[in-house]
Amino acid sequence: MGKIQMKTPLVEMDGDEMTRILWQMIKEELLLPFIDLKTEYYDLGLEYRNKTDDQVTIDSAEATKKYGVAVKCATITPNAARMTEYNLKEMWKSPNGTIRAALDGTVFRAPIQVKGIEPCVKNWEKPITLARHAYGDVYKNTEIKVPGAGKAELVFTAEDGTEIRETIHEFDGPGILQGIHNTDRSITSFARACFSYALDTKQDLWFATKDTISKKYDHNFKDIFQDIFEKDYKSKFEAAGLEYFYTLIDDAVARVMKTKGGFIWACKNYDGDVMSDMVSSACGSLAMMTSVLVSPDGVYEYEAAHGTVQRHYYKHLEGEETSTNSVATIFAWTGALRKRGELDEIPELMEFADKLEKATLKTIEDGKMTKDLALITSLEDVTVLNSQEFIRAVRETMETF
């Protein structure tokens, strides 16, 4: 049979370390034999980002706006150690943060559930979807290392020259400062995306921040959510039998452990980053979670919710065998291909994405899996496969359908 034909390219954002290795394996084994794959390629590996002064990241975001669907590999957000390791010109910002800011989107993350991998929280019967605000906060921060004694101030200068000035702290010695921001426009987009997604997926919606401590910053999020809900979504939620409520992040963390799942938990940028890792880990592995960035304009960027698996990459470079879980990266590709097929009206492409996901889960349920899952599965007599063996096993499963 001929390969499935595509009409419009996907924006392909390559990444770093072990996930970059898996990326190529997935393309060669699971995609290229079946699809006439059309992509516009951007290398977001740290070396090329450094070479282009991170312009490649900005270009990839603009291409995503143009084509409407992107698929992204995991990338490095450098720290001091990475500065030395990669001889960087500067400590480049998170590429995810740059792309999220450009698209003004919301990240929806949900665990990939499979038989034999039961959640650590035994009462979680359904996936919990994390809705993560995709703009600002620490991902778009400005930082100063304070050299010594002095006064730090927060200053806003309006267009007409008037100032708002608040003292942050009077230092009596060295320290650090961090400035973060957000915009009402982005928070509004976040709120509308959450309410719309809840209605589309027929799930209750929680929203949690720390407004008791952050009485202006976090409280602004709370107020915007409530205003939009009351004006535009309350009657729709009531008609659908759905609930929206606000609670403190402390309360949400406690309550989530006692639920059965099956709802959307909306969080600010950093909270969503951390809590999605918690939920995915509790459901088996960081490599078992989908992630999609959705912009207000209907642009989609799919990625895995985990990092670049640095430790496995170093083993790979030494010629050692690795058993790295590629499920979330596979699902990033299937999510993007399914959305591309939906937008371009190519049912064969959508069916292929469904088939590949089904084959991935069946491979695990048949007892063939990577080491991280083998350590926690309730299945007996499982076969532990290395990174490439697992991807090839998925292909063998898919070819039996």
Side-chain angles (χ1 to χ4, degrees), residues 100 105-113 119-139 182 184 186-283 288-294 296 305:
R100 289 167 191 150
T106 295
V107 178
F108 293 96
R109 290 178 171 173
I112 301 164
Q113 292 193 318
C120 296
V121 183
K122 300 303 181 184
N123 44 282
W124 285 0
E125 298 173 1
K126 299 178 182 179
I128 296 169
T129 300
L130 266 293
R132 174 185 172 186
H133 188 210
Y135 177 79
D137 300 344
V138 297
Y139 299 87
N182 229 292
D184 285 6
S186 183
I187 299 168
T188 298
S189 295
F190 173 42
R192 292 192 178 281
C194 291
F195 290 128
S196 297
Y197 198 77
L199 288 169
D200 289 344
T201 59
K202 296 180 174 57
Q203 296 183 88
D204 290 340
L205 175 66
W206 301 13
F207 178 50
T209 67
K210 190 72 170 176
D211 69 291
T212 52
I213 301 300
S214 179
K215 299 182 187 299
K216 293 181 180 177
Y217 195 99
D218 281 22
H219 211 294
N220 196 46
F221 277 80
K222 176 184 177 182
D223 290 344
I224 288 174
F225 261 74
Q226 193 62 42
D227 287 347
I228 290 173
F229 177 69
E230 293 289 342
K231 291 176 183 176
D232 299 330
Y233 291 96
K234 186 175 181 179
S235 61
K236 295 176 183 177
F237 267 60
E238 289 174 350
L242 299 177
E243 181 183 17
Y244 164 70
F245 68 87
Y246 171 83
T247 186
L248 287 172
I249 188 74
D250 320 53
D251 180 51
V253 170
R255 292 176 66 169
V256 74
M257 294 300 171
K258 300 179 177 69
T259 70
K260 292 184 179 181
F263 59 90
I264 299 169
W265 180 8
C267 295
K268 287 165 52 196
N269 210 343
Y270 177 76
D271 294 341
D273 191 359
V274 175
M275 295 308 167
S276 63
D277 283 350
M278 179 195 73
V279 170
S280 63
S281 294
C283 288
M288 298 291 287
M289 195 166 208
T290 62
S291 182
V292 56
L293 175 70
V294 183

Checklist entry - Can you tell me if Ser280 uses its side chain to pair, donor with acceptor, with the backbone of Asp277 under 3.5 Å? => result yes
Next on the checklist: With rounding to the nearest 0.5 angstrom, report the CD1 to OG1 distance, Ile112 to Thr290.
Outcome noted: 6.0 Å
Report all side-chain donor-acceptor pairs from residues 255-266 shorter than 3.5 Å, counting only partners two or more places apart or in another chain.
from   : atom 1 : to     : atom 2 : distance (Å)
Arg255 : NH1    : Asp251 : OD2    : 3.3
Thr259 : OG1    : Val256 : O      : 3.1
Thr259 : OG1    : Gly261 : N      : 3.3

Checklist outcome for this item: Closest non-hydrogen atoms of Leu130 and Met275, given as atom of the first, atom of the second and distance, are CD1-CB, 3.9 Å
Next on the checklist: I'd like to know if the side chain of Lys215 and the backbone of Thr212 have a donor-acceptor N/O pair within less than 3.5 Å.
Outcome noted: yes
Item to check | Stepwise side chain to side chain contact (heavy atoms under 4.5 Å, CB included) check, Thr106 with Val294 | outcome: CA-CA 5 Å; Thr106 295; Val294 183; 5.6 Å; no
Checklist entry - Got a sec, which pairs hit salt bridge (charged side-chain N to carboxylate O under 4.0 Å, His left out) with one end in residues 197-206, sequence neighbours left out? => result none
Checklist entry - Is atom NZ of Lys210 surrounded by more than 12 heavy atoms (other residues, nucleotides or ligands) closer than 6.0 Å? => result yes
Next on the checklist: If the test is ring pair (Phe, Tyr, Trp, His ring centres under 6.0 Å), which one of Phe245, Tyr244, Tyr246, Phe207 qualifies with Phe229?
Outcome noted: Tyr244
Checklist entry - For the atom pair NZ (Lys236) and OG (Ser196), what is the distance rounded to the nearest 0.5 Å? => result 7.0 Å
Checklist outcome for this item: Nearest heavy-atom approach of Ser186 to His133 is OG-NE2, 2.9 Å
Item to check | Heavy-atom pair of closest approach, residues Ala131 and Phe108 | outcome: CB-CE2, 3.6 Å
Checklist entry - Ignoring hydrogens and geometry, is there a side-chain-to-backbone donor-acceptor pair from Ser276 to Asp273 under 3.5 Å? => result yes
Checklist entry - Distance-only, no hydrogens or angles: does the Asn182 side chain make a donor-acceptor pair with backbone N or O of Tyr135 under 3.5 Å? => result yes
Item to check | Closest approach of Lys268 to Phe221 (non-hydrogen atoms, all atoms of both residues) | outcome: CG-CE2, 3.8 Å
Item to check | Tyr233: ring pair (Phe, Tyr, Trp, His ring centres under 6.0 Å) partners, not counting sequence neighbours | outcome: Phe195
Item to check | Minimum heavy-atom distance between Leu242 and Ala198, given as atom pair plus value | outcome: CD1-O, 3.7 Å
Checklist entry - Is there side-chain contact between Arg109 and Ser291, with at least one heavy-atom pair below 4.5 Å? => result yes
Next on the checklist: Please find the pair of heavy atoms, one from Gly105 and one from Ala134, that lie closest to each other, and give the distance.
Outcome noted: O-CB, 2.5 Å
Item to check | Polar side-chain atom of Thr129 near backbone of Ala110 as donor-acceptor pair, under 3.5 Å | outcome: no
Checklist outcome for this item: d(Ile249 CD1, Asp211 CG) to nearest 0.5 Å is 11.5 Å
Next on the checklist: Between Tyr217 and Asp137, is the side chain to side chain contact (heavy atoms under 4.5 Å, CB included) condition met? List the steps.
Outcome noted: CA-CA 10 Å; Tyr217 195 99; Asp137 300 344; 2.3 Å; yes
Item to check | Audit row: Thr188, Arg192, side chain to side chain contact (heavy atoms under 4.5 Å, CB included) steps and yes/no | outcome: CA-CA 6 Å; Thr188 298; Arg192 292 192 178 281; 4.0 Å; yes
Checklist outcome for this item: When rounded to the nearest 0.5 Å, the distance separating CE of Met289 from SG of Cys283 is 7.0 Å
Item to check | Min side-chain heavy-atom separation Val279-Trp124 under 4.5 Å | outcome: yes
Checklist entry - Any side-chain heavy-atom pair from Pro119 and Gln113 closer than 4.5 angstrom? => result yes
Checklist entry - Asp218 versus Lys222: any side-chain heavy-atom pair under 4.5 Å? => result no
Item to check | Arg132 side chain vs Asn269 backbone, donor-acceptor pair below 3.5 Å | outcome: yes
Next on the checklist: Would you say that Phe190 contacts Ile224 through its side chain, given a criterion of any heavy-atom pair below 4.5 Å between the two side chains?
Outcome noted: no
